[in-house]
Amino acid sequence: MPPHRWTDESRDASCYYGNLLARSSSDADDDDTEADADDERGALCAGDTPLIPGADAAEDYSDCLQTRHIFGLMGFLGFAVVYAMRVNLSVAIVAMVNQTAIPHTDNSSTLVNDTCPQPSPNHTLPHYYWSPSSQAPAQGEFQWDEATQGLVLGSFFYGYVLTQVPGGRMAELVGGKRIYGYGVLITALFTLLTPLAAHWDLPLLVLVRILEGMGEGVTYPAMHAMLAHWIPPLERNKFAAIVYAGSNIGTVISMPLTGWLCSQSFLGGWPSAFYIFGVLGIVWFGCWMYLVYDKPSEHPRISRKERAYIERALQLPKEDEEAEQHAHAQQPIPWRALLSSVPLWAILLTQCGQSWAFYTQLTELPTYMSNILHFDIQSNALLNAIPYLTSWFMGIACSALADWLLARRYISQLNSYKLWNSISSLVPSLGLIGIIYVGCDWRWVTFMLAGVGSFGGAVYAGNQMNHIALSPRYAGTMYGITNSAANICGFLAPYVIGVIINHRETLTQWHIVFWLAVGLNVAGNFIYLLFASADEQSWSLRPPAAEEDDAASPSRRALRT
């Protein structure tokens, strides 16, 4: 038989990962033919053949928007909506709380240079950046001290971490479409109930935020499981960066818009932010359920060429797909091997460090801007949103560069993970250190957050895709485990920061907060550098019995991604 003919997409994936796609059984027994195929593979891997997709495929695909692109767009919008509902409380709480009614430590004994001065009405800075001392901001209706505010802000994460692992496993078994969609819907419904709960009782507000977190907790692992079915390996970094960057755009939109709504009388001021974003979540849910499907094979409107392209790059031959899915559903998760996996623990620990730094910025910087730098709520929200916009751009740029380097084989997959993870951990940590040393200079604070801190977007090309490399089969469950552990920092960070501040709004106390975030972030990255892996783990491969059944049919072998 003639040598196996290599498609562009299989060539690119196989050239990089060092595996061959399916061969016929006669090829497997013919050494000369196999050698010829290897020679052909070596020639094609020289780099002269176009990258995924091939030239002919590119012409076919350029005529219309592809189905996987629609899936990516809807995933992007879904994360934008849930993050808008997630972070609006961080801004709204500044307007909800009556700061003058909260007892603060007497600062008469505090060094003058340990606090930032209130700007005078004749301050040289533009008036829209600062709240002049002659114009006291309107005070909220709730008398919550820093510890109570930390409890309210952190309660979301109690529910968020509970549904990570179940959400990932359910997405693997029943499909990510429903899990992701209903997760956003539940988040939207409880967002709508937030103002009512806040006025009714503090414990009820905490409960509503916990239930809201439970809804959102399934979204990331469900999306990870869907990416494993929809996106070819050499498109994943860039594609995931765009999809997950919806969280950045949601934050960019939510923060300034919430700040503006809080300063208006529309629907009572701050409650309007919860009503508007909640309704948007419900509208998105309807569009998602109509446009998106779990797998290319289930989508009624996908083109045959696109479906064939995705399936050739990712899955077993079509005749074996149903049996493979059934076998997967019947197999129990190898919990002992999975939880003892050193590379998985490396991902978990670096995610914990990155999450602590991220949530320090997400939930506490609005308070820092208000109480330390004395920004009014609109300016506060605007400047806190800028870092997420720059991080979005940087995330897409770094992920595109990472995919290009991989496709050109300038760097191995493992070194790519380590490089971009280090950039996403170390450079933003330098930004937090910079905030400590620039003190009260709002221009330099903004630069450290929006400029230096933007490199946190490189995380999409770092550890975020590492789960799929370790185990495509259990990617959703694994992401649920690591993201659950990482987001424990979501409720620990506000609580610990509240204890550190404890009515002492001084630069010294906030410097402790920033140094703690830097230390955890750097330590997590160091562990990742030591123990990370890009190889599929032995416990992820098919059981020996299944391999024996397939011994007579080598064509059932698939590229492991």
Side-chain angles (χ1 to χ4, degrees), residues 87 90 93 105 110-111 114-116 145-158 160-161 345-373 384 387-388 391 421-440 444-446 448-450 452-456 459 462-463 482-529:
V87 305
S90 298
I93 199 168
T105 300
T110 303
L111 295 177
D114 204 24
T115 59
C116 291
D145 60 14
E146 287 88 349
T148 303
Q149 292 177 52
L151 173 64
V152 172
L153 291 172
S155 59
F156 172 93
F157 299 98
Y158 288 100
Y160 189 72
V161 300
W345 276 96
I347 298 173
L348 185 150
L349 292 175
T350 192
Q351 281 194 3
C352 284
Q354 291 168 344
S355 292
W356 189 285
F358 174 77
Y359 288 121
T360 296
Q361 178 175 328
L362 183 70
T363 62
E364 298 300 326
L365 272 180
T367 302
Y368 177 80
M369 292 286 195
S370 175
N371 296 345
I372 298 298
L373 300 183
N384 272 278
Y388 299 97
S391 180
N421 195 75
S422 296
I423 290 174
S424 67
S425 294
L426 301 181
V427 180
S429 294
L430 293 176
L432 289 176
I433 295 174
I435 292 176
I436 294 172
Y437 286 100
V438 300
C440 300
W444 278 106
V445 170
T446 303
M448 293 299 171
L449 292 173
V452 180
S454 66
F455 284 88
V459 71
N463 69 73
T482 61
N483 204 37
S484 178
N487 280 279
I488 290 176
C489 299
F491 60 80
L492 284 181
Y495 175 76
V496 171
I497 292 171
V499 172
I500 293 173
I501 300 302
N502 193 25
H503 310 309
R504 294 167 292 180
E505 296 287 352
T506 65
L507 290 172
T508 297
Q509 298 305 117
W510 278 99
H511 290 174
I512 296 173
V513 169
F514 295 141
W515 276 117
L516 177 62
V518 168
L520 293 175
N521 204 355
V522 172
N525 181 70
F526 178 74
I527 294 173
Y528 185 77
L529 291 177

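Since the structure is predicted, the reported quantities are computational estimates derived from the model, not experimental observations.
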Side-chain touch F455/L426, heavy atoms, less than 4.5 angstrom = no
message = Holding to side-chain contact (heavy atoms from CB on, under 4.5 Å), I want the full list of residues that pass it with V513, two or more places apart in sequence or in another chain.
response = T360, I497, I500, I501, W510
task = Any chance you could lay out the side-chain contact (heavy atoms from CB on, under 4.5 Å) test for I423 and V459, step after step, and finish with the verdict?
result = CA-CA 8 Å; I423 290 174; V459 71; over 6 Å; no
query = Under 4.5 Å between any side-chain heavy atoms of F157 and I488, yes or no?
reply = no
note = Sorted by chain and residue number, the side-chain contact (heavy atoms from CB on, under 4.5 Å) partners of L348 (sequence neighbours excluded) come out as W345, C352, I481, T482, A485
ask   = Stepwise, does the side-chain contact (heavy atoms from CB on, under 4.5 Å) test hold for I347 with Y528?
value = CA-CA 6 Å; I347 298 173; Y528 185 77; 3.9 Å; yes
inquiry  = Rounded to the nearest 0.5 Å, what separates atom CG in L507 from atom CD1 in I435?
reply    = 12.0 Å
inquiry  = Using a 3.5 Å distance criterion without hydrogens, assess whether the side chain of S355 forms a donor-acceptor pair with backbone atoms of Q351.
reply    = yes
message = side-chain contact (heavy atoms from CB on, under 4.5 Å), that's the test. Do W515 and L432 meet it? Break it down for me.
response = CA-CA 8 Å; W515 276 117; L432 289 176; over 6 Å; no
Side chains of residues 517-527: which donor-acceptor pairs under 3.5 Å do they make with residues two or more places apart or in other chains?
| residue | atom | partner | partner atom | Å |
| --- | --- | --- | --- | --- |
| N521 | OD1 | S425 | OG | 3.4 |
| N521 | ND2 | S425 | O | 3.3 |
| N521 | ND2 | S429 | OG | 3.3 |
| N525 | OD1 | N421 | ND2 | 2.9 |
| N525 | OD1 | S422 | N | 3.4 |
| N525 | OD1 | S422 | OG | 3.4 |
| N525 | ND2 | S422 | OG | 3.3 |

message = Please find the pair of heavy atoms, one from S424 and one from Q354, that lie closest to each other, and give the distance.
response = OG-NE2, 3.2 Å
remark   = NE2 of H511 to OH of Y437, rounded to nearest 0.5 Å, is 9.0 Å
